Trainee: 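Encoded as structure tokens, here's the structure I'll be asking about.
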Amino acid sequence: MQTVWSKIREKLEKTLPAGEFKVWIAPLVPAEGNSLPEFDGKELVLLAPGEYAAGCVRSRFLGVLNEAAAQACAMPPHLTISAGAAAPAAKRVEPKPLPPAAPAQQLALPLQVPAAPAAPAFLWRHSFEDFVVGPSNDLAFAASQSVCRDSGFDILFLSSGPGLGKTHLMQAVGKTLGAACNRAQPRVEYLNAETFASQFYLALKSRDLDRFKARYRSCDLLLLEDVHFLQEKEKTQAELLATLEALRARGSKIVFTSSFLPRDLRAMDECLLSRLTAGVVGCIECPDEDTRRRILRRKASVHQVLLPDEAEDVLVRHLCADVRQIESCLRSLILKARLCNGLITARMALEVVRQFANDNPALDLDEIIRQVCRGFGLSREQLLSVVKKQDYVAARNTAFYLARKHTDMSLEAIGKSFNRRHSTVIKGITNFEREISRQTVLGRRMAGAVALIERNSVA
């Protein structure tokens, strides 16, 4: 004869994902005296293997447990989850070994599953302590810290242009949660959306989708960069949505980054977009002068360099694009001073800064088109044409990027100026950033063209 708990457990096994059931429900055992077939008490006490596991089950699955009890029993008992003895060893499941993902690192599995040998810890490059907060990023910073608290949000969407700090905050979240977790080795997956899509299609092709699902649907923290890459990839979007639903039910933390605001991602499944923004959205803008000055001082202190006030003023006044530009220019300035065996001066700073920014960095769309055409050897008609030769597409994507960076035009307005759709502009900017990050031959050419245009653009 079945016990009350076995009936409830049977219902849960049919309704919950297999991974969640094995990790959280299978280890539960009834307290002594609660496992008889005739049990008709008002309370059924279930013991979890430890206080942490009990707390997780209470917060994540108590509602599901009560629903299953109502379906399984004519007079459903009141369920109580307490810490107690570990579940029988036979109930534990050893997961199959999974291949490593780049740049993600496979860490140990959840608490009550026998763990494989420890994987090396993440080498996080950034933390909250070395992030300079200002009016342009204070909301994103506060939201990122909130995700790290138990009472905070579970999902964070960070949006900004390149080099403004979204990856910094994402890694700060990973570092903080990893250090604060009461598990010896929380399971973290850190990768970009392109890698996620590639692994998904490889799993489909090799008929190994179960392994892929087991990997990403059972992690404690998912950090997914450049989620806009998944636009128009319907199958991958569906898989990501299913992954997010599984992680949400599991109580995992999730952080996304994108170069675009959620409202700009129109070639995305509506349910997925709703899930991406279910927590909080943090947008990072270009830093103002005061924030740039504090960023510069922080970077200088890392290099153990004291900048004269005059040199600092030159850098702060001319470097307005992003934090990467500030850091790159500072490194060049330090190297130049060392090569010259001299002190950093305002004149030296001006010489270096001219390689990164011009005196009049403002560019309108006509000037961008003119400069891009000159840089790629095209006419205006060729740039605006429907021809899809590699040079033509690279030039258009470069123009899209510059227009978004240096003008206040909306994506729709930029697309209309090039006789393109809004989605084409997003796709072009995404491909531009991908080529740059990969440092391909085409990417280096595009980066060189942007640097030249931004230095020498003159009306």
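Owing to the predicted nature of the structure, the values given are computational and were not obtained by experimental measurement.
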Trainee: Flag the pair Phe131 / Phe141 as yes when their ring centroid distance falls below 6.0 Å, and as no otherwise.
Mentor: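 Ring centroids of Phe131 and Phe141 are less than 6.0 Å from each other.
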Trainee: A side-chain contact here means heavy atoms from C-beta on lying under 4.5 Å apart; do Met446 and Tyr401 qualify?
Mentor: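 No. Closest side-chain heavy atoms not under 4.5 Å.
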Trainee: Within 45° of the axis and under 6.0 Å from the centre of the six-membered ring of Phe260, does NZ or CZ of Arg404 qualify?
Mentor: yes
Trainee: State whether a side-chain donor-acceptor pair under 3.5 Å links Ser259 with Glu433.
Mentor: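 The answer is yes; a qualifying pair exists.
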Trainee: Does the side chain of Tyr216 come under 3.5 Å of the side chain of Glu239 through a donor N or O and an acceptor N or O?
Mentor: no
Trainee: Quick one about Glu310 and Thr345 (side-chain donor to acceptor, distance below 3.5 Å, no hydrogens or angles considered), yes or no?
Mentor: no
Trainee: Kindly state whether the ring of Phe376 and the ring of Tyr392 have centres lying under 6.0 angstrom apart.
Mentor: no
Trainee: Is there a donor-acceptor contact under 3.5 Å linking the side chains of Ser218 and Arg250?
Mentor: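 Checked: Ser218/Arg250 side chains show no N/O donor-acceptor pair below 3.5 Å.
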Trainee: Do Val387 and Val393 have side-chain heavy atoms sitting under 4.5 Å apart?
Mentor: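 No, side chains not in contact.
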Trainee: In this structure, which one of Arg294, Arg297, Arg317 forms a salt bridge (Lys or Arg N to Asp or Glu O under 4.0 Å) with Glu312?
Mentor: Arg297
Trainee: Looking at the rings of Phe196 and Phe200, which for Trp means the six-membered one, are their centres under 6.0 Å apart?
Mentor: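 Judged by ring-centre distance (under 6.0 Å), Phe196 and Phe200 do not meet the cut-off.
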Trainee: Contact between Leu222 and Leu244 at the side-chain level, heavy atoms closer than 4.5 Å - yes or no?
Mentor: yes
Trainee: Would you say the side chains of Asp130 and His168 form a donor-acceptor pair under 3.5 Å?
Mentor: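 Judged by distance alone, the side chains do pair up.
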Trainee: If you count the non-hydrogen atoms of other residues, nucleotides and ligands that lie under 6.0 Å from CZ in Arg298, is the total more than 12?
Mentor: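 Counting neighbours around CZ of Arg298, more than 12 heavy atoms of other residues, nucleotides or ligands fall under 6.0 Å, so yes.
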